[in-house]
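All values below were derived from every heavy atom in this structure, side-chain atoms included, with hydrogens, water molecules and symmetry-related copies excluded.
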Amino acid sequence: MTLTTPAKAPAGEGPRRALGLRADVRNLSLLGVLAVLVLVGGLTRPAEFLATSNLQLVLTQASVIGVVTVGMTFVITSGGIDLSVGAIVALASVWATTLATQEFGFAGILFTAVAVGVGCGLVNGVLVAYGGMVPFIATLAMLASARGLALQITDGRTQIVTVPSVLDLGVPDAYVLGIPPLVLVFAAVTAAGWLLLNRTTFGRRTIAVGGNPEAARLAGIDVRRQRLFLYLLSGLCCGIAAFLLVVLAGSGQNTNGNLYELDAIAAAIIGGTLLSGGRGTIVGSVLGVLVFTTITNIFALNNLQSDVQQIAKGAIIVAAVLVQRRTARDG
């Protein structure tokens, strides 16, 4: 009688399986938090919160910051940070709504918003990847510059959109099976982001650069080029979000995107993206966006002040980082 020995698992299979299980538990936990928030909203303001129009509003508002968060997830996964996303959204939205731009109609507004976002991302990427600047400093400089330029373009005034084809995307008649077009765009960006991070060489390189840049370089990865592409991706997401915001608000103003960097970073962190890089999850980031957007909606319906809302968000961020540190230590 011959004895057969069980086949050994491939090298690295155990850690990957453990990370996958941990991610599933984290996502289930976020779903549980989201369910509790829905319950709280349903109990405190049942008629308003559970109304179809309000749920559509929550998803629509989540779409704008959600697209930004997808780009932010890639940047943080690579070990970087982007503090300029809110300012880029503001600059792209006001540049896309100038009278000169609106003369080119729908295509002109969309192209300008995306082009401005990508252009700002290119500047960030060049400064970080090839200029050797710390991401915090480079994107902080972009934040100040983009906000200042947005204020200069608008002169502090709101720029009203007069292109019907853009405004029509925000009316209920444009909804597809009750789903706003902005939510469909968010879903498409999320799906593309998930595939890019989890099923492509680009995603594996992003994780490798975030985990250990020197080891990634020795493995043949062009770390500088990868970082440049990541900030271009973040800028692209900001441009798309700016266009969605123009559709949602019907205008462009220099105050658009205020504190988007806080919301995007917070959503990515509580979703499970490691702040020090090397691990990222698009699904977790999207759930984080939904959690924060639902909290904001519940606070607004219950007439609670925005300062309390910001305190609650800050507490959630601190708790998420502490959980990450404990998980990393135990792992």
Side-chain angles (χ1 to χ4, degrees), residues 64-95 113-153 189 193 197 202 205-207 209-210 213 223-242 245 254-271 273-280 282 285 288-289 292 313-314 317 320-321:
V64 180
I65 185 61
V67 171
V68 175
T69 303
V70 170
M72 182 69 78
T73 300
F74 277 88
V75 173
I76 296 179
T77 301
S78 71
I81 198 71
D82 191 348
L83 301 179
S84 63
V85 291
I88 295 175
V89 169
L91 178 59
S93 69
V94 300
W95 208 324
V114 172
V116 171
V118 172
C120 292
L122 176 62
V123 174
N124 281 336
V126 169
L127 291 176
V128 173
Y130 294 96
M133 292 187 66
V134 177
F136 182 91
I137 300 300
T139 58
L140 186 62
M142 176 57 73
L143 183 155
S145 302
R147 282 288 179 195
L149 185 54
L151 178 59
Q152 187 178 49
I153 291 174
V189 171
L197 184 61
F202 182 88
R205 288 175 177 172
T206 299
I207 295 173
V209 169
V223 175
R224 293 190 300 177
R225 184 176 63 182
Q226 186 69 19
R227 284 174 173 163
L228 173 63
F229 287 161
L230 288 166
Y231 281 98
L232 282 172
L233 178 61
S234 179
L236 173 63
C237 289
C238 289
I240 296 173
L245 190 58
N254 64 286
T255 57
N256 282 343
N258 188 35
L259 295 181
Y260 272 20
E261 55 277 355
L262 169 65
D263 290 343
I265 294 172
I269 291 174
I270 71 169
T273 298
L274 198 61
L275 191 58
S276 57
R279 187 183 73 211
I282 298 296
S285 296
V289 168
F292 278 123
K313 288 183 178 180
I317 296 172
V321 172

(request) Indicate the atoms forming the closest heavy-atom contact of Pro213 with Val223, along with that distance. (result) O-CG2, 3.6 Å

(message) To check you understand the geometry: which heavy-atom pair defines the closest contact between Val67 and Ala241, and what is its length?
(response) CG1-N, 4.1 Å

(message) Can you list everything that forms a side-chain contact (heavy atoms from CB on, under 4.5 Å) with Leu228? Sequence neighbours excluded, please.
(response) Leu122, Val126, Ala129, Tyr130, Leu232

(request) Mind checking side-chain contact (heavy atoms from CB on, under 4.5 Å) for Ser285 and listing every partner two or more places apart, or none if nothing turns up? (result) Thr69, Thr73, Ala268, Thr273

(message) Checking side-chain contact (heavy atoms from CB on, under 4.5 Å) between Val289 and each of Val68, Val64, Ile65, Val70, which is the one that passes?
(response) Ile65

(message) Among residues at least two apart in sequence or on other chains, which ones pass side-chain contact (heavy atoms from CB on, under 4.5 Å) with Asn256?
(response) Ala90, Ser93, Leu245, Gln253

(request) Please list, chain by chain and in numerical order, all residues satisfying side-chain contact (heavy atoms from CB on, under 4.5 Å) with Val116, sequence neighbours excluded. (result) Leu91, Ala92, Trp95, Thr112, Cys120

(request) Starting from the C-alpha separation in whole Å, work towards a yes-or-no answer on side-chain contact (heavy atoms from CB on, under 4.5 Å) for Leu274 and Thr77. (result) CA-CA 7 Å; Leu274 198 61; Thr77 301; over 6 Å; no

(message) Distance check, rounded to the nearest 0.5 Å: Asp82 atom CG versus Met72 atom CE?
(response) 5.0 Å

(request) Could you name each residue pair satisfying side-chain hydrogen bond (donor to acceptor under 3.5 Å, both in side chains) that touches residues 132-153, not counting sequence neighbours? (result) none

(message) To check you understand the geometry: which heavy-atom pair defines the closest contact between Ala266 and Phe292, and what is its length?
(response) CB-CE1, 3.5 Å

(request) For residues Ile269 and Leu275, report the shortest heavy-atom separation together with the two atoms involved. (result) CD1-CD1, 3.8 Å

(request) Grab the two heavy atoms, one from Gly117 and one from Ile88, that are nearest each other, plus how far apart they are. (result) CA-CG2, 3.9 Å

(request) Quick one: pull up CG in Leu230 and CD1 in Ile76 and give me the separation to the nearest 0.5 Å. (result) 11.5 Å

(message) Within this structure, what is the OH-CE distance for the pair Tyr231 and Met142, rounded to the nearest 0.5 Å?
(response) 11.5 Å

(request) Using the test side chain to side chain donor-acceptor pair (under 3.5 Å), find all partners of Asn124 that sit at least two apart in sequence or belong to another chain. (result) Ser84

(request) Compare every heavy atom of Phe74 with every heavy atom of Thr206, then report the nearest pair and how far apart it is. (result) CG2-O, 3.6 Å

